[in-house]
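Working notes for the structure below.
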Amino acid sequence: ILEKRPEILVIEDDHASFLCATPYERVYHHKGRWAHLRSFSKAFNPDLRLSVMTGDDQTMTMLLDRLIVVERWVSQILQMAAFALLCDSSVRAKIKHAGRTYDQRREAMIESLAEVDLQAMGRSGFNIWLPVDEETSTVQALAAAGWAVAAGERFRLNCPPGIRITASRIGPAESQLFARALGRILSPVRRAPAA
């Protein structure tokens with residue numbers, strides 16, 4: 001689709017930047033317009049509200065032209081902090097380790113869900129998508145069982161219902177408990193035989 005419509009600007013908001021193992025491989029650099037923003041907030045600190053951006057020549061020129069006439073001040077202290085963090089090899093090693101930990105937790109959750117015949121999706125980052133028939137009732141039933149997930153409506157445009165599961169703080173043992181609880185919630189209702 002994008003090859004046929006080079007005027008479309010493709011923007012990748014890399015919110016889990018620096019945590020994912022291969023951030024640049026997912027960027028689609030088609031011949032048209034593109035921009036890639038890498039956020040510092042998730043990997044380094046939520047208060048470090050900075051990102052870096054790159055893109056094609058036309059997009060970057062338009063952005064720079066726009067910044068000349070609007071307020072564009074970014075704290076120099078935050079910029080210096082971000083630069084210092086990026087230059088520190090021990091910080092980069094810790095971020096890489098955190099990224100591997102998040103990957104392991106996400107994969108453990110997907111595997112645990114597969115064990116109860118639930119096919120979840122999630123290739124990177126903190127979250128997993130699981131299609132469900134009813135978002136609200138699933139979220140409510142999980143809450144009653146002591147688990148918090150997000151209804152998928154605000155995260156989807158043109159796809160069936162689902163829930164967003166954040167696996168970043170759930171270890172493998174907890175993943176199995178969660179998957180079993182969700183499996184019970186989503187299993188077909190077994191009616192008692194008629195008397």
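Distance check: Lys96 NZ to Ser89 OG gives 12.0 Å after rounding to the nearest 0.5 Å. Note that CE of Met53 is 14.0 Å distant from OG of Ser39, once rounded to the nearest 0.5 Å. Between the CE atom of Met62 and the CG atom of Asp56 there is a distance of 9.5 Å, given to the nearest 0.5 Å. Put simply, CZ on Arg92 and SG on Cys87 are 7.5 Å apart, with the number rounded to the nearest 0.5 Å. To the nearest 0.5 angstrom, Leu85 atom CG is 8.5 Å from Asn45 atom CG.
For the pair Arg100 and Asp103, the salt-bridge criterion is not met [side-chain N within less than 4.0 Å of a carboxylate O]. Salt bridge annotation for Glu111-Arg106: absent, with no cationic side-chain nitrogen under 4.0 angstrom from a carboxylate oxygen. In summary, Arg105 and Glu107 do not engage in a salt bridge, as defined by a charged side-chain N under 4.0 Å from a carboxylate O.
Side-chain contact between Ile165 and Asn127: absent, with no pair of heavy atoms (C-beta onward) separated by less than 4.5 Å. You'll find the side chain of Met109 reaches within 4.5 Å of the side chain of Ile170, heavy atoms only. With contacts defined as side-chain heavy-atom distances shorter than 4.5 Å, the pair Gln58/Thr61 does not qualify. Taking 4.5 Å as the limit, some side-chain heavy atom of Phe40 sits within range of a side-chain heavy atom of Val52. Looking only at side-chain heavy atoms (C-beta outward), Thr54 and Leu37 stay at 4.5 Å or farther from each other. Side-chain contact between Pro131 and Met121: present, with at least one pair of heavy atoms (C-beta onward) separated by less than 4.5 Å. Contact annotation: the side chain of Val116 never approaches that of Leu182 to less than 4.5 Å [non-hydrogen atoms, C-beta and beyond].
The heavy-atom pair separating Ala150 from Val139 by the smallest distance is C-CG2, 4.1 Å. Summarising the geometry of Leu113 relative to Ala120, their closest heavy-atom pair is CD1-CB, 3.7 Å, with the distance given to 0.1 Å.
Judged purely by atom type and a 3.5 angstrom limit, Glu135 uses its side chain to pair as donor or acceptor with the backbone of Gly162. Under the 3.5 Å distance criterion, the side-chain polar atoms of Arg5 are left unmatched by any main-chain donor or acceptor of Ile8.
Judged purely by distance below 3.5 Å, without hydrogens or angles, the side chains of Thr59 and Arg33 pair a donor atom with an acceptor atom.
By the 30° and 60° cut-offs, the orientation of the rings of Phe18 relative to Phe44 is perpendicular.
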